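Report on the structure given below.
A quick note: this is a predicted structure, and the numbers were derived from the prediction, not measured. Lettering follows sequence order; numbering is per chain, from 1.
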Number of protein chains: 4
Amino acid sequence: MTDAITLDDLNRLDDAGFVSALGGVFEHAPWVVEAAASGRPYASLADLHAALCAAIRGAPVERRLALVRGHPDLAGKAARAGDLTDESTAEQASAGLDRLTDAEFQRFHELNAAYHARFGFPFIVCVRRHGKESILRRFARRLDNTPEAELATALEEVLRIGALRLDQKVTAADRLPVVGRLSTHVLDTHRGRPAEGVAVELFELWGEERRPVARGMTNADGRTDAPLIAGRPLPIARYELRFDLAGYFAGLEVPLADPPFLDVVPIRFAIAEPEGHYHVPLLATPWGYTTYRGS
Amino acid sequence: MTDAITLDDLNRLDDAGFVSALGGVFEHAPWVVEAAASGRPYASLADLHAALCAAIRGAPVERRLALVRGHPDLAGKAARAGDLTDESTAEQASAGLDRLTDAEFQRFHELNAAYHARFGFPFIVCVRRHGKESILRRFARRLDNTPEAELATALEEVLRIGALRLDQKVTAADRLPVVGRLSTHVLDTHRGRPAEGVAVELFELWGEERRPVARGMTNADGRTDAPLIAGRPLPIARYELRFDLAGYFAGLEVPLADPPFLDVVPIRFAIAEPEGHYHVPLLATPWGYTTYRGS
Amino acid sequence: MTDAITLDDLNRLDDAGFVSALGGVFEHAPWVVEAAASGRPYASLADLHAALCAAIRGAPVERRLALVRGHPDLAGKAARAGDLTDESTAEQASAGLDRLTDAEFQRFHELNAAYHARFGFPFIVCVRRHGKESILRRFARRLDNTPEAELATALEEVLRIGALRLDQKVTAADRLPVVGRLSTHVLDTHRGRPAEGVAVELFELWGEERRPVARGMTNADGRTDAPLIAGRPLPIARYELRFDLAGYFAGLEVPLADPPFLDVVPIRFAIAEPEGHYHVPLLATPWGYTTYRGS
Amino acid sequence: MTDAITLDDLNRLDDAGFVSALGGVFEHAPWVVEAAASGRPYASLADLHAALCAAIRGAPVERRLALVRGHPDLAGKAARAGDLTDESTAEQASAGLDRLTDAEFQRFHELNAAYHARFGFPFIVCVRRHGKESILRRFARRLDNTPEAELATALEEVLRIGALRLDQKVTAADRLPVVGRLSTHVLDTHRGRPAEGVAVELFELWGEERRPVARGMTNADGRTDAPLIAGRPLPIARYELRFDLAGYFAGLEVPLADPPFLDVVPIRFAIAEPEGHYHVPLLATPWGYTTYRGS
């Protein structure tokens, strides 16, 4: 990750420095940042972001089209050849697009070809907001859009990508509403207190495959010390949370069946709002449990 | 399975016929059945069973030892060569012992060797009461027994095997307490009624591998038309029940997230009492659920 | 209650006997039963009931109006004077209309007067399907009906009253769908088994007043030996179920707080479908519980 | 309530001022505060409190006895005559001891007489930690103590009273661990989000009588803006929390039965740890709910 810069410093740079500092926010399109330079000083990151959005939305259609065309294909040849910008490389890796099987790579290849043929520009999606399955699902769906609707959709995704990059690059008193949070909480309803010392693991699911995302141990309040995911968008994907319930109760010498009725409890759920707050608690005894989307 | 015979008919047979009819109940040990022939007529299957148990328990130690020695090794050479009695073949298959990987076969081979060396007789367990993992776990544990305790344990298992075979072979007004029951029930607490039309699948777990056991669809009362397992012992094992919750709620046009927060809900639990009644219900909305060992 | 008669015997009686046997089914209106006499023999109670309904629905409007007018006022002067038919007396008592406070009596008096003034016939409702609050609520609502709609509503209630009386009076292979069922079940999720020995009480609520309806003790399966209400319609009303949870767990020597976090657990719910099946279970530990409309 | 004073100011007062400022902390026993004056300056409220406790614990038995004897009877003649210190008056009122029925007054009178006869000093309990029922229960139980154990118990209560008074009177960077917290949270598991706009009421229960304690409305996070009780000990007592569930769901136009299956949901629970954190949430649909001691 490039070093962050403060909003104050950005406000004080000359125009060339400003454009250079925010260079990568909009892929191959320095004109967007140039257009926002004269509006400085910005009182907040939100104001700066609004100015960048206005520059894009107010540009002539050819320019907007060119902006879209400046993006690389997802999981395309450029990605395989290592020809992407640093930002694109990191983003595509975040969704696992750098570790595709041959069949998946072929699927992306076909979708990219069909999409280009229909719209004449590359498929753009803010990959940090999606797991691999979600990207493929949306890719296929968006092929059904009209060209006008799809150009608008593509620009919205460009703005989302820019907002995330801006939020990472610039330190300010405010943050853009681009991050979500996933947390958990284990209540021991056998003993009527928070369950301390429950090993928790989070996986992202790809089909039946599980990719580790986070792990932790519940503290005296029954929570992990840090949220399972925070400070970034929650990728739209299916997840499995695993709680080592039998390990916890065995440690307390609560009598269990042999083998224990409940051992490692899996909770499968999906995230659909990358900027949302998901709280997925477990209320448990050795003989039953409750889970739900909490707050 | 051999044809069943009624208790009345058994009571009326001559001694040779009686011994022949119950031939396979105790492996290579017709003397057990012979000893019970003179006690006829038996008023119930339980009485007949008690007489057979008494014959074994009252026999001199050499005879009991011979009875135990008459059993084949579990997953041993005889099994691979197809040299078992029909009953043993079917029983070992029920626990998947006929489909071992080479590593598993090797593990059984080592345990059999260690067991023979220690006790001088083959390891006997009522395999219909266990999944593969449970058999291996018990096999290792029983190696720690004293020879006296282990002979008693082995005879108990012989009696369990015999009780199950007797219960299958003989039709009577009563049944032996050798079977369990596993059932489920889905309540839609979003709409306050039984959930009709939920696809349910039951798997036995071997490590992370899933072996299909039963599948069904919930009816108007939220239950499957038949129990998931009934009429036989419930193998001691870990299980996963899967409920297609999103499919159910989508069919009712209940608004769901995209992807749905809960889709196929997995419940993992273990059975520890083969003759028990396990009821594992699901109380669910699109946003949360409760499960427990019910009745 | 008058003695029951079998459908077979009804089929064999002469017409006068038949009319006499079913005399009280439709209040002061022997013509309904007379009309159905010639259709005998009836193969089922449902068929007999259908014939009685057809007789009423096919009668000229004056006759239907007369049928309605033959009913007594609810909680009216006749009731106070003891001038009702036996059936009406028992029915009005079932809803507590024989134990009204003066204010309630006054309220009924006013509603009766307003209703007579508007429709020219007495207010009829099948009181066995309602608690006192529900009767008063419906009484007030039905004053807003048009006269035509209200006559139809009144006749539907006459048919409901008749169906209930018929179902009580006649024994047949089938029963009319006029009864409901309320049951409960207590699961001890602390220990993973049915909770045996939980004292359960059911009250009907009038405002904050509680009128005892049923009481029982859970058995080895966690259920009361008999349903809390069965064999009759479930009165539309608010209820409170009380479970002596602390008494149960104290008896098992489960450690409890002093005083226990949960002691007698009250569940308040309402019944809206008198012919429905309501199952209201409790899943409990000393520290929490779940309840829901089950099946 | 008397005005608070800062710890800094207390540290700077002369001895007479110090004793006067903390005059009421130990009833009629200025010597306790005098003994602690020389230890100033105190770095924290905890240190000051420890010095006061040490003064009491180190005093000769006659002085400790005199300290205990300086307390008024609970709900005694002095209370009726208005002869108590301000602190005692406020404390006794907090538990409702100023509004006793004649029967309750008589019960206190008898217990006071029996206690005096047995121990020779008045019954002392930190009433802010108890509801009326809890005081009576403990009163009766403590009559069974030996005189030595009871004097120790009485002094512990004196220290608890003093700690609470000190915590209220003195403002410092730290607070004494003398307060608890009771909170709630409503989750709408029908829609998978916090339930906003649920009216919540908290009552303390005396027998079947309900005394209002707090009321509120859930906010966008499903919580009341302030805890139901905070900043003071939680009286050991039985409570009822009431949630207007039908009002909430009706406002969202969720289809409900008529009358609704669940209307105002009562949760009855008891508090046993006055300095604890009790969280009593409700997870609800129109057809069922879950509650538990949370955190």
Checked P259(D), G288(D), A257(D) vs chain C; the most non-hydrogen pairs under 4.5 Å come from P259(D)

Interface check, chain D: of G294(C), A270(C), A272(C), most non-hydrogen pairs under 4.5 Å belong to A270(C)

What one should report as the nearest heavy-atom pair of L262(D) and R268(C) is CD2-O, 3.5 Å

Is it true that atom CZ of R215(D) has more than 12 heavy atoms of other residues, nucleotides or ligands lying nearer than 6.0 Å?
-> no

Applying a strict 4.5 Å limit to non-hydrogen atoms, the region of L283(C) in contact with chain D is neither

F261(C) vs Y278(D) aromatic rings, parallel, tilted or perpendicular, using cut-offs 30° and 60°?
parallel

Subject >> Exceeds 12 heavy-atom contacts within 6.0 angstrom, atom NE2 of H109(C) >> reply: no

Interatomic distance, CZ@R141(D) vs CG@D258(C), rounded to 0.5 Å, equals 4.5 Å

Under 4.5 Å to a heavy atom of chain D? For E208(C) that would be side chain

Q) Does atom CZ of R107(D) have more than 12 heavy-atom neighbours from other groups under 6.0 Å away? A) no

When the 4.5 angstrom heavy-atom criterion is applied to V280(C) and chain D, the contacting part is side chain

Is any side-chain heavy atom of Y289(C) closer than 4.5 Å to one of Y289(D)?
yes

Okay, P260(C) and chain D: the region with an atom under 4.5 Å from a heavy atom over there is backbone

